[in-house]
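Down below is the structure, laid out as structure tokens.
Computed over heavy atoms, backbone and side chain alike; hydrogens, waters and symmetry mates excluded. Every chain is numbered from 1 and lettered A, B, ... according to where its sequence line falls, protein lines coming before strand lines.
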Amino acid sequence: MNMQKYLRAVRRRLNMPRELKDRVMSDYLCAITAKQESGQTDDAIMEELGSPKKAAAELNEQMKAYTYRKSPWRWVCLAVAVFSGLCLAYRGLLGLLLMLFNRTYNAASSIGIIGGADGPTAIFVTTTGSNLSAAFALYILLMAAGILGYFVLRKQKQK
Amino acid sequence: MEERFLQQLKKGVLEMLVLEIISREPTYGYELMTKLKACSDGLFTLKEGTLYPILYRLEDEGMIEASWSQGTGKTAPKKIYAATEKGQAERHRRYGIWKDFYRTVNGFYKEEAV
């Protein structure tokens, strides 16, 4: 591993806001430059600092007051995302099967939409086909919200 | 694991010493670490990164400023920390507090000796 790669790997593992990462990495790079100038080889420096994982863990430990906190609620969000993802896959498969099984069924339903009423009455008039797409939209929305929530809750500021 | 009492004492004075060293001469993080170690007979032997939160706190409070030094032929540019006027004043203030503290604490032991 060369030094650039090493530094990137350390940076990636820092659990803090980007500005702080920049700040830490600028000082870290400076220390490495100083070591290089004192005659240490890159390999020796990396050996001394340890694996990127270890080095980053130490930096995270030192910067504890600034690192992100992971909220346990993120698992709820992940569960919602996974559940709606599964529902989506199930519905998608069902829809696909229906479409393959009976093309006329779909043709009939689209006529139903075109010929049907607009507005609230459409809910009553339209057939399973559009119910399916409403469910699709709901599941996609839930899944997106779940994934978003998961990542947001992983990076909570310290109290 | 280092003794807890010693660790707490060190933690208390480290920020003051960092400000003191930077006030004497602008310096970069790694050099600061080497100086601390050399001037304390190895008592303040720190890991890379230990000083960062202290440096950032001092910088955010306006005590010190960071700037990039020009690299010469052989050396690369470095992030140098220098004390501001506010930092210089704070350095003296802290040393005053330390002296009072030191005297008071020592007073306890003198009384016992008498």
Side-chain angles (χ1 to χ4, degrees), chain A residues 2-4 6-69 157-159, chain B residues 1-2 4 7-8 10-12 14-15 17-19 21-22 25-38 42 44-83:
Chain A
N2 66 24
M3 191 50 92
Q4 265 194 337
Y6 180 86
L7 287 170
R8 262 206 304 275
V10 172
R11 190 195 159 94
R12 204 170 41 237
R13 289 178 171 82
L14 292 181
N15 176 34
M16 55 189 81
R18 187 174 297 162
E19 317 86 69
L20 207 57
K21 276 190 185 189
D22 289 340
R23 217 172 177 183
V24 167
M25 289 316 287
S26 62
D27 284 298
Y28 205 63
L29 176 69
C30 193
I32 287 170
T33 316
K35 283 174 203 261
Q36 284 169 335
E37 281 166 9
S38 73
Q40 257 183 296
T41 63
D42 284 3
D43 285 332
I45 294 169
M46 285 186 272
E47 172 94 33
E48 187 189 339
L49 295 173
S51 67
K53 198 175 163 189
K54 186 176 158 254
E58 265 172 24
L59 286 172
N60 282 329
E61 172 66 25
Q62 303 296 350
M63 302 294 295
K64 216 161 41 185
Y66 301 91
T67 49
Y68 286 132
R69 197 168 50 85
K157 285 248 166 73
Q158 295 281 358
K159 276 175 209 154
Chain B
M1 193 68 187
E2 205 169 34
R4 202 171 61 96
Q7 224 177 9
Q8 283 176 326
K10 277 192 193 175
K11 207 173 165 189
L14 197 54
E15 189 173 313
L17 292 181
V18 166
L19 184 61
I21 295 174
I22 293 176
E25 196 187 351
T27 178
Y28 55 93
Y30 181 68
E31 196 182 29
L32 196 62
M33 232 170 67
T34 358
K35 277 183 183 168
L36 269 170
K37 187 178 171 183
F44 285 99
T45 305
L46 307 170
K47 265 188 251 167
E48 187 59 49
T50 313
L51 292 178
Y52 296 176
I54 296 171
L55 288 171
Y56 302 158
R57 197 162 51 231
L58 286 171
E59 196 182 358
D60 291 341
E61 285 171 357
M63 306 290 178
I64 59 175
E65 273 172 348
S67 61
W68 286 88
S69 72
Q70 292 285 319
T72 55
K74 271 184 182 171
T75 58
K78 289 194 186 63
K79 194 177 173 188
I80 304 278
Y81 290 97

Looking only at heavy atoms, what is the nearest atom pair of [X] and [Y], with distance?
X: B:Gly49; Y: A:Gln62; answer: O-CB, 3.4 Å
X: B:Lys79; Y: A:Cys30; answer: N-SG, 3.4 Å
X: B:Ala76; Y: A:Thr33; answer: CB-CG2, 3.3 Å

Under a 4.5 Å cut-off applied to non-hydrogen side-chain atoms, are [X] and [Y] in contact?
X: B:Tyr56; Y: A:Asp27; value: yes
X: A:Arg23; Y: B:Glu59; value: yes
X: A:Leu20; Y: B:Tyr52; value: no
X: B:Lys47; Y: A:Glu61; value: no

Take atom [atom1] in [X]; do more than 12 heavy atoms of anything else shown fall under 6.0 Å from it?
X: B:Glu15; atom1: CD; answer: yes
X: B:Gln8; atom1: CD; answer: yes
X: A:Glu37; atom1: CD; answer: yes

Report summary line: Bottom line for A:Ala34: the part with an atom under 4.5 Å from chain B's heavy atoms is both
